[in-house]
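Below is one structure, written out as structure tokens; comments come after it.
Naming convention: chains lettered A, B, ... in sequence-line order (proteins, then strands); numbering from 1 in each chain. Side chains included, hydrogens not; waters and symmetry mates left out as well; all remaining heavy atoms used.
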Amino acid sequence: MLQSLHRSESASQRSSVSRRWSAKPPPPEAHGKAAGKPAAFFLRENRYNPRISAHPRSNETMHQSKLLIPTLKENPADADVISHRLMLRAGLIRQLASGLYTWLPLGLRVIRKVEAIVREELEKSGVQEVLMPVVQPAELWEETGRWAKMGAELCRLKDRHDRDFCLGPTHEEVITDLFRREIQSYRALPVNFYQIQTKFRDEVRPRFGVMRAREFTMKDAYSFHLDQECFDTTYREMYDCYTRILTRMDLDFRAVQADSGNIGGDNSHEFHVLARSGEDTIVFASAGDYAANLEKAKAAAPSARPEAGEDCKPVATPGVHTIDDLASFLKIDAKQTVKTLVVAGEEGPVALVLRGDDELNPIKAEKLAGVIAPLRMATDEEIKQHVGCAPGSIGPCNLELTTYVDSYAAALADFVCGANEDDVHLTGVNWERDVALDDAFVVDLRTVREGDPAPDGQGELKFLRGIEVGHIFQLDRVYSEPMNATVLDPDGKSLIPIMGCYGMGITRLVAAIIEQNHDDDGICWPEPLTPFDVHIVALNYAKSEPVREAADRLHEELSAKGFSVLLDDRGERPGVKFADADLIGLPHRITVGGRALKEGNVEYRRRTESDNRSVPLADVAGCLQS
RNA sequence: CGGAGUGUAGCUCAGCUUGGUAGAGCACUACGUUCGGGACGUAGGGGCCGGAGGUUCAAAUCCUCUCACUCCGACCA
């Protein structure tokens, strides 16, 4: 597969390249009309102007007419999310196939900015950079059992010798292998390695452009420690490091407690950039510091259970199958009912009891002993067989299944539930009296809701949407143990180190930044991340000698002062240039036009402001620095 | 993987119901007029109507099968 992949790829590249070039040969040093033009992949706006190209320039790549920045006037049909739309429209990326994107010059410059900040802060935190291969041998994954455990998301391939490989979706195996080969002494610990590398995950559903792509760039770091205390120190350091990185990017973000997947352990935080289009719901307290992913979020324990008041009685409920039906049929609040869900378990089905108005949190449920992960609801047949009725009439009374009860359901008195008999419910049911309740089986199962009391009692819970751009968590010995990574401790004994793992989505960050920094006209790059600092929009550059001279001089002057400058030297009309400038969204725009130039001025405008300011040509640099 | 939808020019889309020589706008090329917020005229170039099979005198259009892409749900940076 690997082999055929190589072959077909190079073949197609060759053919498309030769087709392109043979159709329209490039003009080497030729000037004038007779010269051919590699027009197809230069800009649509890029009119070939012999007079311009006759002028040698110091820094060709900064000239917009020579850079591939294919802006789009119309919204691409396939992009619904704002960042995706703007990235296509501003010419940052182009899609190759589902979940695969080519980064064009402008987008790549932003990636480099993001990477630079990430690198600087990681180095400050004492993390050392390495670079591991994208292609990884199956043997390593077999050692940890993930070769079998990972599904189709792991892209597998074979080399010419028919040996198994995969495209790395993550690098725990590789780094642990490196560690066990190279590090033998406790004295080397703690160590922390990072890389910025392409990952491939064959996502079931890539979406939102580069936000959830199959191939993407991630910064991943892995640390090794002798003991928990040492790990905790590094974990805090990484938490602070991530906070510094996102703060430097001017992002509005939240660190939240997170579920650590199948790894377990309490040390797990996600870093979310707040955005309406975010895929995750994050929960935070209106007062105090509590913040968590919805999957993980808890509410304060319910108040104590009231005394029983009613007698337990069966009631006929023909055709009533849902909690809504039940509440309206009996004219009661859904809060006074209890629902019993049956899920697949290791030794027969398991019952989960929740208050009628609550939603099951599947992440919490699948962690329970005896419950199969990923969570699967029992089929109607299984329920019929084990409970004896249809799903609409199940209840905890006389239920012969392992039963977990959510603490909110456990706090009810005189509640209504199914009678485990079709079309019959029980009213006035009370725990202990009518149903046994073992404290060990009273657990947190519900999905929290806005307005719930915060678990630490500080205010109530609020929801926001977030884009997960970072995740730090404890790996314990999940990889070091099966892979036999050990060091000798001071007493000469073998010791298996604890590991930590710290991920940050580089390409996803680019999308998240745009989600938070745009307006109706386009992107508004924050200074630390902008592909260029300054956009010089030269009106009539080709035809007006004074404009060309002023713009070129300004370009050189600002470059010399350390600004990165994009000079719009295209032969487009002013309206087109302004619209593109807004779309691309560089923070500073300088318009050089004949009108103001007569007075020796140019116009300056911040991307986030709506008014132009007239500035003498000589003062531009000072104006930018202020 | 289930559900929904879309594939026609580089882009946005019409044409399909009711088969009869493939269209518009933008973009591109040339020339001219324009030139401070997405100009205009004239003349051009560009399409295996996603692919395969079928029905038919005739298929972008009808049928079958496929492939790709997008959106909604379970996974994750």
Problem - Flag for A:Tyr541-A:Asp568: side-chain donor and acceptor within less than 3.5 Å - result: no
Practice task
Mark this stacking check for A:Phe578 against B:G38 as yes or no, applying ring centres under 5.5 Å and ring planes under 30°.
Solution key: no
Exercise for the section: Would you indicate what A:Ala596 reaches in the nucleic acid, counting non-hydrogen atoms under 4.0 angstrom: base, sugar-phosphate, or nothing? Expected result: base
Exercise for the section: Could you please name the partner base of B:C69, counting Watson-Crick and G-U wobble pairs only when both distances are under 3.5 Å? Expected result: B:G5
Problem - C1' atoms of B:C65 and B:U55, separation to the nearest Å - result: 15 Å
Practice task
May I ask you to decide whether A:Arg607 forms a salt bridge with A:Asp519, counting only side-chain N to carboxylate O separations under 4.0 Å?
Solution key: yes
Practice task
Ignoring hydrogens and angles, state whether a donor on the side chain of A:Glu172 or A:Tyr479 is under 3.5 Å from an acceptor on the partner side chain.
Solution key: no
Exercise for the section: Classify the nucleic acid contact of A:Asp280 as base, sugar-phosphate or nothing, counting any heavy atom under 4.0 Å across all strands shown. Expected result: base
Exercise for the section: Have a look at A:Met150 and say if it touches a base, only the backbone sugar-phosphate, or nothing, with a 4.0 Å heavy-atom cut-off. Expected result: nothing
Enumerate the protein-to-nucleotides 10-16 of chain B contacts in which both atoms are nitrogen or oxygen and the separation is below 3.5 Å.
residue	atom	partner	partner atom	Å
B:U12	OP1	A:Ala77	N	2.9
B:U12	O2'	A:Glu74	OE2	3.4

Problem - Base B:U34 paired with A:Arg573 side chain (donor-acceptor, <3.5 Å) - result: yes
Problem - Residue pair A:Thr379, A:Glu382: steps toward the side chain to side chain donor-acceptor pair (under 3.5 Å) verdict - result: CA-CA 5 Å; A:Thr379 61; A:Glu382 286 170 315; 3.2 Å; yes
Exercise for the section: Just grab all the salt bridge (Lys or Arg N to Asp or Glu O under 4.0 Å) pairs involving residues 585-602 of chain A, residues at least two apart or on different chains. Expected result: A:Asp582-A:Arg589
Handout entry: Base B:G38 to side chain A:Arg570, donor-acceptor N/O within 3.5 Å cut-off
Key = no
Handout entry: Aromatic ring pairing A:His269/A:Tyr235, orientation class (parallel under 30°, perpendicular over 60°, tilted between)
Key = tilted
Problem - Euclidean distance, atom CZ of residue A:Phe253 to atom P of B:A77 [Å, nearest integer] - result: 18 Å
Exercise for the section: Determine the Euclidean distance between corresponding P atoms of B:A39 and B:G20; express it in Å to zero decimal places. Expected result: 38 Å
Exercise for the section: Report the distance from atom CG of A:Asp580 to atom P of B:A27, rounded to the nearest whole Å. Expected result: 12 Å
Practice task
For A:Asp80, answer base if it contacts any base atom (sugar-phosphate contacts may also be present), sugar-phosphate if it contacts only those atoms, and nothing otherwise; contact means non-hydrogen atoms under 4.0 Å.
Solution key: sugar-phosphate
Completion exercise
Against the side chain of A:Arg605, the closest entry in B:C35, B:G37, B:C75 is B:G37
Exercise for the section: Please work out if A:Arg85 contacts a base, only the sugar-phosphate, or nothing of the nucleic acid, heavy-atom cut-off 4.0 Å. Expected result: nothing
Fill in the blank from the handout: On RNA chain B, more 5' by nearest nucleotide between A:Asn540 and A:Val81 is A:Asn540
Practice task
State, with a plain yes or no, whether a side-chain heavy atom of A:Ile467 is found less than 4.5 Å away from one of A:Arg508.
Solution key: yes
Fill in the blank from the handout: Here the distance between atom C1' of B:C76 and atom CG of A:Leu294, to the nearest Å, is 16 Å
Exercise for the section: State plainly whether the residues A:Lys577 and A:Glu572 are in salt-bridge range, i.e. N to O under 4.0 Å. Expected result: no
Practice task
In whole angstrom, give the distance that lies between atom CD of A:Glu572 and atom P of B:C26.
Solution key: 14 Å
Problem - Integer angstrom distance from the P of B:G41 to that of B:C49 - result: 31 Å
Exercise for the section: Counting heavy atoms from C-beta on, name the nucleotide in B:C76, B:G38, B:C35 closest to the side chain of A:Lys543. Expected result: B:C35
Exercise for the section: Would you kindly give the CG-to-P distance between A:Asp220 and B:A77, to the nearest whole Å? Expected result: 10 Å
Exercise for the section: Would you indicate what A:Gly594 reaches in the nucleic acid, counting non-hydrogen atoms under 4.0 angstrom: base, sugar-phosphate, or nothing? Expected result: base
Exercise for the section: For the residue pair A:Thr170 and A:Arg201, confirm or rule out a side-chain donor-acceptor distance under 3.5 Å. Expected result: no
Handout entry: Distance-only polar pair, side chains of A:His588 and A:Tyr604, donor-acceptor under 3.5 Å
Key = yes
Problem - A:Gln195-A:Asp220 side chain donor-acceptor pair, cut-off 3.5 Å - result: yes
Practice task
Calculate the interatomic distance between A:Glu203 atom CD and B:C1 atom C1'; express it in whole Å.
Solution key: 14 Å
Exercise for the section: Can you tell me, in whole Å, how much space there is between the C1' of B:A60 and that of B:U21? Expected result: 13 Å
Exercise for the section: Measure from CG on A:Asp202 to P on B:C76 and round the result to the nearest Å. Expected result: 15 Å
Exercise for the section: Check every atom of B:A77, B:C75, B:U70 against the side chain of A:Gln95 and return the nucleotide holding the closest atom. Expected result: B:U70
Practice task
Would you mind classifying the nucleic acid contact of A:Arg376 as base, sugar-phosphate or nothing, using non-hydrogen atoms under 4.0 angstrom?
Solution key: nothing
Completion exercise
The answer to which of A:Glu279 and A:Ala79 contacts RNA chain B further toward the 5' end, by nearest nucleotide, is A:Ala79
Handout entry: With sequence neighbours excluded, residues passing side-chain hydrogen bond (donor to acceptor under 3.5 Å, both in side chains) with A:Glu115
Key = A:Arg112
Practice task
Answer yes or no: is there an ion pair linking A:Glu121 with A:Arg248, defined by an N-O contact shorter than 4.0 Å?
Solution key: yes
Exercise for the section: Would you classify A:Val204 as touching base, sugar-phosphate or nothing, given that sugar-phosphate means primed atoms plus P, OP1 and OP2, and contacts are heavy atoms under 4.0 Å? Expected result: base
Handout entry: C1' gap between B:A43 and B:G50, integer Å
Key = 33 Å
Exercise for the section: Using the P atom as the reference point in each nucleotide, state the distance between B:C11 and B:A27 in Å, no decimals. Expected result: 15 Å
Fill in the blank from the handout: Residues in residues 503-513 of chain A with a heavy atom under 4.0 Å of RNA chain B, by number, are A:Gly505, A:Arg508
Practice task
Taking atom P in both B:U61 and B:G51, compute the distance separating them and give it to the nearest angstrom.
Solution key: 10 Å
Fill in the blank from the handout: In Watson-Crick or G-U wobble terms, with both distances under 3.5 Å, the base opposite B:C40 is B:G32
Handout entry: Electrostatic pair A:Arg570:A:Asp580 at N-O distance under 4.0 angstrom
Key = yes
Completion exercise
Taken to the nearest whole Å, CZ/A:Arg214 to C1'/B:A77 is 17 Å
Handout entry: Phosphate OP1/OP2 of B:G73 contacted by A:Arg207 side-chain N/O (<4.0 Å)
Key = yes
Problem - Residues touching RNA chain B, which here means a heavy atom under 4.0 Å, drawn from residues 236-252 of chain A - result: none
Practice task
Confirm from the modelled atom types if A:Arg205 and B:G3 form a donor-acceptor pair under 3.5 Å, side chain to base only.
Solution key: no
Handout entry: Out of B:C69, B:C72, B:U34, whichever nucleotide has its closest atom nearest the side chain of A:Ala97
Key = B:C69
Practice task
Identify the nucleotide, in any strand shown, that forms a Watson-Crick or G-U wobble pair with B:U55, with both distances under 3.5 Å; if there is none, say none.
Solution key: none
Practice task
May I ask you to say what A:Gly470 touches in the nucleic acid, namely base, sugar-phosphate or nothing, with a heavy-atom cut-off under 4.0 Å?
Solution key: sugar-phosphate
Practice task
Just call it for A:Glu270: base, sugar-phosphate, or nothing, with non-hydrogen atoms closer than 4.0 Å on any strand.
Solution key: nothing
Fill in the blank from the handout: salt bridge (Lys or Arg N to Asp or Glu O under 4.0 Å) filter on A:Arg573, not counting sequence neighbours, yields none
Handout entry: Backbone N/O of A:Glu129 and side chain of A:Arg119: donor-acceptor pair under 3.5 Å
Key = no
Handout entry: N/O (side chain, A:Ser98) to phosphate O (OP1/OP2, B:U70) under 4.0 Å
Key = yes
